[in-house]
Amino acid sequence: CKAWSQRHVFGGPYLLDPVLPHATAASHHAGCVRPLSTWRIGQPHHRTHPHLLGISDVTPGITKGEFQGRRDRLFGLLPPRSAVIIPSANEAYMSHDVHHKYRQRADFLYFSGLQEPGIVILVKGGTDSDRRFILLVQPSDEAREQWTGTRAGLLRAAEVFSADEVLSLDARAAFLEKLLGTLDCVFVSPPQDPAFAFERDLRQLIANESAKRCLPLEQFCKRADHLCEPLRLIKSESEIALIQKAADAAAAGVVDVMRACRAGMTEDTLAALFEFRIRQAGCQRTAYPTIVAGGEHACILHYPFADDVLR
């Protein structure tokens, strides 16, 4: 059991933690004292974003216990000597080093709560003692994080996301080759980005293992989404509460748009007003691009332009 206390040491807020293996003598002060900023893990955490997360939340409104329950239901569906491998969504670029706003792969987020790109979750089935929730993550890189923001890293990923084991992606080849040799089948999410080195390496290792056993590839490797997606159909009370919050924000945003709408405004102005209102109400993003279509455009179901003047 870890006891935490907030102190002001060396001029700033720090958290007192039991001594960590990598702590240096210079960092010791009544145990290992770490700055509050070391809890920044690339996404909200209850110590850095108490206005968004409760103490047991992994993501807003969803607790560690609920994430564990989701994985337990997945464990219950897995045949003996099998595993599910789900890579995260990769980042999409507008141009060069300019990113689109990141959105995590739905199955990945559902079972882990991690919002980070370029990492992998692995759920290994079997008897209760064999079951493992494993994360393969990017190691911390201070120089890179100056540009991209902090990452969870090996230490934080285990602690915050309740993983049984956390490994560096740098060690993926040997780990996966050994793991695949112990499995009768593996469930893998459909590839999203052939350029993602992990997905490329995984496909090759699966093909090698299948050929070694003289098995058809489709017998050894199956689609994970067919196994995972049905688990998301029935919503928990926490999920229903979040859906209600989003629906209330959207409804209020639509009412504001109705009040503001005037001839001479552009469609895009109303879209911006709606998106501002839902963000102000605590929503992270729209579920799909906002469609505001006036006049003859109103009959176009997925009208994409929003650049005309309302009359």
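Quick caveat: nothing in here was measured; it's all calculated off a predicted structure.
- R311 contributes a side-chain N or O that, together with a main-chain N or O of V309, makes up a donor-acceptor pair within less than 3.5 Å.
- R172 places a side-chain N or O within 3.5 Å of a backbone atom of L169 that can act as its donor or acceptor partner.
- Side-chain contact between H49 and R40: present, with at least one pair of heavy atoms (C-beta onward) separated by less than 4.5 Å.
- Between R144 and Q138 the shortest side-chain heavy-atom distance does not fall below 4.5 Å.
- The environment of M258 atom CE is sparse: at most 12 non-hydrogen atoms of other residues, nucleotides or ligands sit within 6.0 angstrom.
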Subject >> Evaluation steps, side-chain contact (heavy atoms from CB on, under 4.5 Å), between F274 and V254 >> reply: CA-CA 7 Å; F274 174 77; V254 169; 3.9 Å; yes
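- The closest side-chain heavy-atom distance from H46 to D57 is not below 4.5 Å.
- Taking CG from N90 and OH from Y102, the interatomic distance works out to 7.0 Å, rounded to the nearest 0.5 Å.
- R232 has its side chain within reach of D107: a pair of non-hydrogen atoms, C-beta onward, lies under 4.5 Å apart.
- Judged by distance alone, the side chain of E165 and the main-chain N or O of I134 form no donor-acceptor pair under 3.5 Å.
- Relative to the ring axis of F67, R70 places its NZ or CZ within 45° and under 6.0 Å from the centre.
- You'll find the side chain of F161 stays beyond 4.5 Å of the side chain of S112, heavy atoms only.
- Put simply, the side chain of Q104 gets close to the backbone of L114: a donor and an acceptor are under 3.5 Å apart.
- In this structure, E267 contributes its side chain and L310 its backbone to no donor-acceptor pair below 3.5 Å.
- From T286, atom OG1 reaches atom CZ of R279 across 9.0 Å, with rounding to the nearest 0.5 Å.
- Atoms CG and SG, from L78 and C185 in turn, are 8.0 Å apart once rounded to the nearest 0.5 Å.
- Side chains of L179 and L122 form a contact here, defined as non-hydrogen atoms less than 4.5 Å apart.
- One N or O on the side chain of Q43 and one on the backbone of G113 form a donor-acceptor pair closer than 3.5 Å.
- V188 and L109 fall into different hydrophobic clusters, where Ile, Leu, Val, Met, Phe, Trp and Tyr residues are linked whenever their side-chain heavy atoms come under 4.5 Å apart, directly or through other members.
- V292 and F305 fall into different hydrophobic clusters, where Ile, Leu, Val, Met, Phe, Trp and Tyr side chains are chained together by heavy-atom contacts under 4.5 Å.
- For the atom pair CG (D141) and OG1 (T148), the distance works out to 8.0 Å, reported to the nearest 0.5 Å.
- With a 4.5 Å cut-off on side-chain heavy atoms, L176 and D201 do not count as touching.
- Look at R105 and E199 and you find a salt bridge, because one of the NZ, NE, NH1 or NH2 atoms lies within 4.0 Å of a carboxylate O, short of that distance.
- Considering NZ of K124 and CG of L183, their distance stands at 6.5 Å, rounded to 0.5 Å.
- Residue A163 comes nearest to L135 through the heavy atom pair CB-CD1, 3.7 Å, listed as atom of the first residue, atom of the second, then distance.
- When all heavy atoms of D184 and P80 are compared, the closest pair comes out as OD2-O, 4.3 Å.
- Dense packing is recorded around CZ of R213, with more than 12 heavy atoms of other residues, nucleotides or ligands lying under 6.0 Å away.
- Distance alone, capped at 3.5 Å, places no donor-acceptor pair between the Y110 side chain and the C228 backbone.
- In terms of modelled atom types and a separation under 3.5 Å, the side chain of R151 and the main chain of G42 share no donor-acceptor contact.
- For A224 against S189, the heavy-atom pair with the smallest separation is CB-N, 3.5 Å.
- Nearest heavy-atom pair, A249 versus A281, reported as atom, atom and distance to 0.1 Å: CB-CB, 3.7 Å.
- Ring planes of Y303 and H297: parallel class, angle under 30° (limits at 30 and 60°).
- A side-chain donor-acceptor contact under 3.5 Å links D164 to the backbone of F133.
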Original post:
So L136 and F175, side-chain contact (heavy atoms from CB on, under 4.5 Å) or not? Walk me through it.
Top reply: CA-CA 10 Å; L136 281 77; F175 169 74; 4.1 Å; yes
**OP:** Carefully, step by step, assess S238 and T63 under the rule side-chain contact (heavy atoms from CB on, under 4.5 Å).
**Re:** CA-CA 9 Å; S238 300; T63 64; over 6 Å; no
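- Between L273 and D256 the shortest heavy-atom distance is CD2-O, 3.8 Å.
- Distance check, rounded to the nearest 0.5 Å: CD of E229 to CG of L231 gives 10.0 Å.
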Subject >> Pair I119-F108, side-chain contact (heavy atoms from CB on, under 4.5 Å): steps then yes or no >> reply: CA-CA 10 Å; I119 58 177; F108 187 102; 3.6 Å; yes
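- Although no hydrogens or angles enter the test, the distance criterion places no donor-acceptor pair under 3.5 Å between the side chain of S210 and the main chain of F220.
- Other residues, nucleotides and ligands place more than 12 heavy atoms under 6.0 Å from the CD atom of Q280.
- Summarising the local packing, NZ of K64 is surrounded by more than 12 heavy atoms from other residues, nucleotides or ligands at distances under 6.0 Å.
- Residues R71 and S162 meet the side-chain proximity criterion, which asks for heavy atoms closer than 4.5 Å.
- Defined by atom type and a distance below 3.5 Å, a donor-acceptor pair is present between the side-chain atoms of E66 and S236.
- Surrounding CD1 of I234 are at most 12 heavy atoms belonging to other residues, nucleotides or ligands under 6.0 Å away.
- Taking hydrophobic clusters as Ile, Leu, Val, Met, Phe, Trp and Tyr residues chained together by side-chain heavy-atom distances below 4.5 Å, F187 shares a cluster with L77.
- In H51, the NE2 atom is crowded: over 12 heavy atoms of neighbouring residues, nucleotides or ligands sit closer than 6.0 Å.
- Clustering ILVMFWY residues whenever any of their side-chain heavy atoms sit less than 4.5 angstrom apart, transitively, puts I278 in a cluster other than the one holding F276.
- Minimum heavy-atom separation, D225 to P190: OD2-CG, 3.7 Å.
- Within 6.0 Å of CZ in R259 there are 12 or fewer heavy atoms belonging to other residues, nucleotides or ligands.
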